[in-house]
J.: 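Below: one structure in structure tokens.
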There are 2 protein chains.
Amino acid sequence: MKKDMPALQSLKEKIASTGLKVTQQRLVILQALYENDDHPSAEVVYNHLSNENPSLSLGTVYKTLETLVEKSIIRKVYCADGIKRYDVHIEPHSHLHCQSSHRIIDFSDPALEAMILQYLQDKKIENFEIQDIQLQIQGHIPNPEKRVRIYA
Amino acid sequence: MKKDMPALQSLKEKIASTGLKVTQQRLVILQALYENDDHPSAEVVYNHLSNENPSLSLGTVYKTLETLVEKSIIRKVYCADGIKRYDVHIEPHSHLHCQSSHRIIDFSDPALEAMILQYLQDKKIENFEIQDIQLQIQGHIPNPEKRVRIYA
DNA sequence: ATCGATGCAAAGACTTTGCAGCCAG
DNA sequence: CTGGCTGCAAAGTCTTTGCATCGAT
């Protein structure tokens with residue numbers, strides 16, 4: 001799924017509305033997440049930005065990403081490889097994890113998510129309050145040079 | 001969900017059938033995973049075992065867990081916290097992730113998994129071969145001292 | 001002006017690697 | 001016996017922390 005980059009103003013408002021200061025670093029990091037839809041780690045975000053922003057430090061990228069997660073502007077992706085990766089999409093959705101390339105592809109399907117949530121609510125799990133669900137679909141991309149397409 | 005510890009002989013056969021040598025270390029590590037149903041990391045497994053097995057080394061625990069994953073005897077759990085955790089249950093199932101305690105509770109529901117798999121097959125995702133699915137349910141345990149119960 | 005945010009570097013946590021010696025098959 | 005496995009320690013990767021300085025409000 002391709003992400004639509006919001007206008008700069010809208011990003012500023014998103015940050016400001018949480019009480020955080022609107023800094024240049026937070027803006028470029030948030031933009032980088034919209035530009036790179038492969039759920040980058042802190043290191044990948046830093047490498048992507050450091051040429052254009054030589055004064056940006058890796059530590060700031062780490063801190064900023066965690067801060068944005070705390071404020072629910074972005075979220076962490078569940079991963080099996082022990083690396084923290086981030087996602088600008090905070091609504092419930094699924095991920096296709098390619099075992100060979102470690103690409104993670106968004107797979108948003110509101111009908112599926114609604115179906116699962118409904119199922120879990122009917123199930124009545126005692127002593128557990130559900131906040132969010134993420135379906136991780138593990139597999140393999142036979143033709144890495146081609147796109148992965150999802151039909152409705 | 002409580003795990004049933006298989007007989008020692010059955011564990012030995014499980015290891016041998018993959019072509020791996022049946023060593024004492026592999027046996028105790030596999031047993032530890034059955035005893036600790038909270039999806040422990042390598043470090044946690046090591047701490048759990050090192051008193052009883054003073055000669056066991058942390059590096060061996062790391063290597064063994066990865067080896068067992070390669071042979072599909074165990075699997076990795078999808079986690080948002082950047083730590084590799086392991087699960088003896090290799091069949092498709094879900095996990096309840098508690099945000100406060102970082103406990104991960106197994107939630108096996110074959111009907112749910114079948115429903116999701118069927119849905120995804122009907123969906124026809126082009127250029128992606130599904131190998132496995134894991135549903136991660138994120139939430140909170142209001143009473144940590146009580147059990148989390150799931151009604152059928 | 002104020003207080004939170006950044007940059008830097010050092011420290012810490014987590015994991016892998018290389019190799020000599022050991023042991024299961 | 002012999003090749004795979006282990007223990008050890010060192011190195012590597014990933015992430016956090018402390019603090020002086022900077023800059024958004």
Side-chain angles (χ1 to χ4, degrees), chain A residues 8-9 11-32 39-71 73-74 76-77 79-86 102, chain B residues 8-9 11-32 39-71 73-74 76-77 79-86 102:
Chain A
L8 187 61
Q9 187 53 35
L11 292 183
K12 288 184 180 174
E13 282 163 10
K14 194 175 272 215
I15 295 171
S17 70
T18 65
L20 294 175
K21 287 184 179 175
V22 179
T23 65
Q24 192 58 27
Q25 291 86 338
R26 284 169 180 165
L27 282 172
V28 295
I29 289 169
L30 202 43
Q31 285 179 313
H39 310 81
S41 63
E43 201 112 19
V44 171
V45 169
Y46 175 73
N47 291 335
H48 183 250
L49 290 174
S50 55
N51 282 341
E52 298 280 324
N53 306 269
S55 71
L56 181 67
S57 80
L58 181 57
T60 297
V61 176
Y62 274 100
K63 276 185 261 196
T64 299
L65 288 169
E66 282 304 303
T67 305
L68 295 176
V69 168
E70 271 165 34
K71 299 297 184 182
I73 295 173
I74 64 177
K76 291 186 197 174
V77 180
C79 259
D81 59 6
I83 290 182
K84 289 184 185 170
R85 294 171 65 162
Y86 298 87
H102 298 110
Chain B
L8 187 61
Q9 186 53 33
L11 293 183
K12 288 184 180 175
E13 282 162 11
K14 193 175 271 211
I15 295 171
S17 71
T18 66
L20 293 175
K21 288 188 178 174
V22 179
T23 65
Q24 192 58 28
Q25 291 87 339
R26 285 172 179 163
L27 282 172
V28 295
I29 289 169
L30 201 44
Q31 284 180 313
H39 309 83
S41 63
E43 201 112 21
V44 171
V45 169
Y46 175 72
N47 290 336
H48 183 251
L49 290 174
S50 54
N51 282 340
E52 298 281 324
N53 305 267
S55 71
L56 181 67
S57 81
L58 181 56
T60 297
V61 176
Y62 274 100
K63 276 185 261 195
T64 300
L65 289 169
E66 281 305 302
T67 304
L68 296 176
V69 169
E70 272 165 33
K71 299 297 185 181
I73 296 174
I74 64 176
K76 290 186 196 174
V77 180
C79 259
D81 58 8
I83 291 182
K84 290 184 185 170
R85 294 170 67 163
Y86 298 86
H102 299 109

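Letters A, B, ... are given to chains in the order of the sequence lines, protein chains preceding strands, and every chain is numbered from 1.
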J.: So for atom CD, which belongs to B:Glu52, do other residues, nucleotides or ligands contribute more than 12 heavy atoms lying within a distance under 6.0 Å?
T.: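 Not buried by this count: 12 neighbours or fewer within 6.0 Å.
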
J.: Would you indicate whether the side-chain heavy atoms of B:Leu56 and B:Gln24 approach each other to under 4.5 Å?
T.: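 Side-chain contact under 4.5 Å: no.
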
J.: Reading nucleotides 9-20 of chain D 5' to 3', which nucleotides get B (base under 4.0 Å from a protein heavy atom), which S (sugar-phosphate only), which -?
T.: -----SBBBB--

J.: For the side chain of B:Thr64 and the backbone of B:Thr60, is there at least one donor-acceptor N/O pair under 3.5 Å apart?
T.: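 Confirmed, B:Thr64 side chain pairs with B:Thr60 backbone.
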
J.: Roughly how many Å is it from OH in B:Tyr46 to P in C:dT15, rounded to a whole number?
T.: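 Atom OH in B:Tyr46 sits about 15 Å away from atom P in C:dT15.
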
J.: Counting the atoms with a prime plus P, OP1 and OP2 as sugar-phosphate, which does B:Thr23 contact under 4.0 Å by heavy atoms, base, sugar-phosphate, or nothing?
T.: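 Result for B:Thr23 = sugar-phosphate.
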
J.: For the pair made of CG in B:Asn47 and C1' in C:dA13, what is the distance, rounded to whole Å?
T.: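 Answer to the nearest Å: 13 Å.
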
J.: Could you go through B:Val22 and B:Leu11, starting from their C-alpha distance and side-chain angles, then the distance that decides it, and tell me whether this counts as side-chain contact (heavy atoms from CB on, under 4.5 Å)?
T.: CA-CA 9 Å; B:Val22 179; B:Leu11 293 183; over 6 Å; no

J.: Heavy-atom nearest nucleotide on DNA chain D for A:Val22 versus B:Gly19: which residue maps closer to 5'?
T.: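 Nearest-nucleotide comparison on DNA chain D picks B:Gly19.
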
J.: Dump every N/O contact between nucleotides 21-23 of chain C and the protein below 3.5 Å, one line per pair.
T.:
none

J.: Quick check: do A:Arg26 and A:Lys12 have side-chain heavy atoms less than 4.5 Å from each other?
T.: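 Side-chain contact under 4.5 Å: no.
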
J.: What does A:Ser55 touch in the nucleic acid at a heavy-atom separation under 4.0 angstrom: a base, only the sugar-phosphate, or nothing?
T.: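 Counting heavy atoms under 4.0 Å across all strands, the contact made by A:Ser55 is with sugar-phosphate only.
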
J.: Using a strict threshold of under 4.0 Å (side-chain N to carboxylate O), is an ion pair present between A:Lys84 and A:Glu43?
T.: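 No, A:Glu43 and A:Lys84 are not salt-bridged.
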
J.: For DNA chain C, which residues in residues 24-31 of chain A have a heavy atom at a distance below 4.0 Å?
T.: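 By residue number: A:Gln25, A:Arg26.
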
J.: Locate the shortest heavy-atom distance separating A:Ala42 from A:Leu65; write the atom from each residue and the value.
T.: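 In terms of heavy atoms, the two residues are closest at CA-CD1, 3.6 Å.
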
J.: Specify the separation, in whole Å, of atom CG of A:Leu56 and atom C1' of C:dA5.
T.: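 These atoms are roughly 12 Å apart.
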
J.: May I ask you to test the B:Lys76-B:Tyr86 pair for a side-chain heavy-atom distance under 4.5 Å?
T.: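 Yes. Closest side-chain heavy atoms under 4.5 Å.
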
J.: Side-chain N or O of B:Thr60 versus OP1/OP2 of D:dG7: is the shortest distance under 4.0 Å?
T.: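 So the side chain of B:Thr60 is within the cut-off, an N or O lying under 4.0 Å from OP1 or OP2 of D:dG7.
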
J.: Side chain of A:Arg85, backbone of A:Val77: donor and acceptor closer than 3.5 Å?
T.: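 No.
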
J.: Taking side chain as C-beta onward, heavy atoms only, is B:Ile73 less than 4.5 Å from B:Thr67?
T.: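 The answer is no; the side chains never approach within 4.5 Å.
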
